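Structure first, then comments.
All of these numbers come straight from a predicted model, not from anything done at the bench. We count ligands from 1, going down the list as the structure has it; atoms in each ligand are counted the same way.
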Amino acid sequence: MTLTTEQRTIIEGAIRDIPDFPKPGVVFKDITTILNNAEAFTTLQQHLKERYISYDLDYVAGIDARGFIFGAALARDLGVGFVPIRKKGKLPYTTVSEKYVLEYGVDEVEIHIDAFTAKKSARVLLIDDLIATGGTAVAAASLISKVGAECVESCFILGLTFLDGITKLEEKSPVYSVIEVK
Ligand code: AMP
């Protein structure tokens, strides 16, 4: 299930473009203007619920930090658990980690080793606000399989289709972008 034209107009209209943030040449997609717009936030979360209600999910896993907002709201709507995938050094219990390459240097994401153990072969939806180069999401999807669960789909509010992140991630899981930015 994809967006209706009306839903698309409401959600797309609530995204704010910030040119040259955090550095020259980058157009930052600001989603805080979805969050503080009750109609847009509700429309988005209702769409996600309608899409994923039939996926028989056991968990939603959100990527630090904006993925927590959409992911936790969706998990609650679907009546399933929420799992945070965090930047290195933030999770207090035993973790499994995955490095990924940035433009300059490397970064690392982590998950608790027992995040999905309440359910055998758990079915997990991965969610974040945006996929660009895909480095973060590919590492996050790898973590889900490393701890014994299945990433049944990866969902983004915005997918930047002019970069190759979506193609890279599709090797690990199906990818759904609510709104594609061309
Ligand atoms: P990437 O690993 O390159 O796919 O980057 C994805 C992460 O960086 C996501 O968590 C996004 O929140 C953030 N990000 C990357 N590019 C942008 C952008 N143009 N606007 C807003 N957030 C971005």
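- Interface of D128 with ligand 1, defined as ligand atoms under 4.0 Å from a residue heavy atom, comprises 9 (C), 10 (O).
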Under the side-chain hydrogen bond (donor to acceptor under 3.5 Å, both in side chains) criterion, do E153 and S173 qualify, and how do the steps go? CA-CA 5 Å; E153 188 155 279; S173 85; over 6 Å; no
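- Among all heavy-atom pairs drawn from Y176 and T2, the shortest one is OH-CA, 3.6 Å.
- By the 6.0 Å contact criterion, NZ on K99 is open, its count of non-hydrogen atoms from other residues, nucleotides or ligands being 12 or less.
- The shortest N/O to N/O separation between I131 and ligand 1 does not fall below 3.5 Å.
- Note that atom 19 (N) of ligand 1 has protein non-hydrogen atoms nearby, at separations under 4.0 angstrom.
- Counting protein heavy atoms only, atom 2 (O) of ligand 1 is closest to T136 OG1, 2.5 Å.
- Heavy-atom contacts of R66 reach the following atoms of ligand 1: 11 (C), 12 (O), 13 (C), 22 (N) (cutoff under 4.0 Å).
- Here the heavy atom of the protein found nearest to atom 3 (O) of ligand 1 is T133 OG1, 2.5 Å.
- Considering only non-hydrogen protein atoms, atom 15 (C) of ligand 1 sits nearest to L130 CD2, 3.7 Å.
- A cation-pi arrangement, defined by a distance under 6.0 Å to the six-membered ring centre and an angle within 45 degrees of its axis, is absent between R123 and Y59.
- Contacts between I63 and ligand 1 below 4.0 angstrom, taking non-hydrogen atoms only, are absent altogether.
- No donor-acceptor pair closer than 3.5 Å links the side chain of D114 to the backbone N or O of T117.
- Remark: minimum distance from atom 22 (N) of ligand 1 to any protein heavy atom is reached at F28 CE1, 3.5 Å.
- Checked against a 3.5 angstrom limit, the closest N/O atoms of G134 and ligand 1 fall inside it.
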Can I get a per-line list of side-chain donor-acceptor pairs under 3.5 Å for residues 77-91, giving both atom names and the distance, sequence neighbours left out?
residue : atom : partner : partner atom : Å
R86     : NE   : D64     : OD2          : 3.3

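- Only the side chain of D129 comes within 4.0 Å of ligand 1, counting heavy atoms alone; its backbone N, CA, C and O stay farther away.
- Across every non-hydrogen atom of A61 and V124, the tightest pair is CB-CG1, 3.8 Å.
- Defined by atom type and a distance below 3.5 Å, a donor-acceptor pair is missing between the side-chain atoms of T43 and Q7.
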